[in-house]
Amino acid sequence: NAGVTQTPKFQVLKTGQSMTLQCAQDMNHNSMYWYRQDPGMGLRLIYYSASEGTTDKGEVPNGYNVSRLNKREFSLRLESAAPSQTSVYFCASSEAAGFNEKLFFGSGTQLSVL
Amino acid sequence: AQTVTQSQPEMSVQEAETVTLSCTYDTSESDYYLFWYKQPPSRQMILVIRQEAYKQQNATENRFSVNFQKAAKSFSLKISDSQLGDAAMYFCAYRPRNRDDKIIFGKGTRLHILP
């Protein structure tokens, strides 16, 4: 099925380990996003990319880096994982900016940092 | 800074009844978009309804409608004839008209449907 594909679905890390969350969309969308979801905190934007080759910080960028490798792919990297980064991570892409905008979300990555 | 506030962490409604979820936002922009997204237990995010700020008419989508009060910066979601499948987390979201600006979400309201 067309859409946003995130890998992995689950991951357990030890404090200090690094990892990259992969995200790819096949809908030719310009904008892509990374959110984290924590209980009682809703969805918080980590980074976003308005177009290929550009990235910008969101609300909670500390401890993360991103790469917009091409129009399809937008990866999120944790260089040195911390327990505070335990969360569910969602990648999303958008169809169009403005009113017709509709976010398409991946199925999420459950990350636990011990 | 733009913020979105959902003051009801959880709500319950009897099946077939009507429920209203509240959302307020803070912005200095005059032109923007507002959205309600639904997240069922599957974790998939589903767009429920959207509203343009410069349109006075409230958006409706079948059993879902909004009450948009621009001066009060309020954007509530009304669900009529509630069904068991409506049980989910609901997120209110805001985006300025500028295409480079990101979408900001509220903390969500978990809706329970009582049979």
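Labels below follow one simple rule: chain letters A, B, ... track the order of the sequence lines, proteins then strands, and each chain is numbered from 1. Only this structure's heavy atoms are used, side chains among them; waters, hydrogens and symmetry mates stay out.
For the set B/F105, B/Y32, B/F91, the count of heavy-atom pairs under 4.5 angstrom toward chain A peaks at B/F105.
Around CD of B/E10, the count of heavy atoms belonging to other residues, nucleotides or ligands within 6.0 Å exceeds 12. Within 6.0 Å of the NZ atom in B/K78, the count of heavy atoms belonging to other residues, nucleotides or ligands does not exceed 12. More than 12 heavy atoms of other residues, nucleotides or ligands shown are found within 6.0 angstrom of CG on A/N70.
Note: the hydrophobic cluster containing A/L45 also contains A/V88 (ILVMFWY, side chain heavy atoms under 4.5 Å, direct or indirect links). When the side chains of ILVMFWY residues are joined at heavy-atom separations under 4.5 Å, either directly or via intervening members, B/I79 and B/M89 end up in two distinct hydrophobic clusters. Grouping the Ile, Leu, Val, Met, Phe, Trp and Tyr side chains by contacts below 4.5 angstrom, directly or via other members, places B/Y90 with B/V4.
Residues A/Q110 and B/R43 meet the side-chain proximity criterion, which asks for heavy atoms closer than 4.5 Å. Between B/I103 and A/Y35 the shortest side-chain heavy-atom distance falls below 4.5 Å.
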Test side chain to side chain contact (heavy atoms under 4.5 Å, CB included) applied to B/Q39 and A/F105, step by step: CA-CA 11 Å; B/Q39 186 184 40; A/F105 284 82; over 6 Å; no

Open item on the list: Using side chain to side chain contact (heavy atoms under 4.5 Å, CB included), reason through A/L103 and B/M45 one step at a time and then give a plain yes or no.
Closed with: CA-CA 8 Å; A/L103 282 174; B/M45 295 287 285; over 6 Å; no

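How far NZ of B/K107 is from CZ of A/R44: 8.5 Å, rounded to the nearest 0.5 Å.
The contact between A/L43 and chain B is made by backbone and side chain atoms together, counting heavy-atom distances below 4.5 Å. In this structure, no portion of B/I46 lies under 4.5 Å from any heavy atom of chain A.
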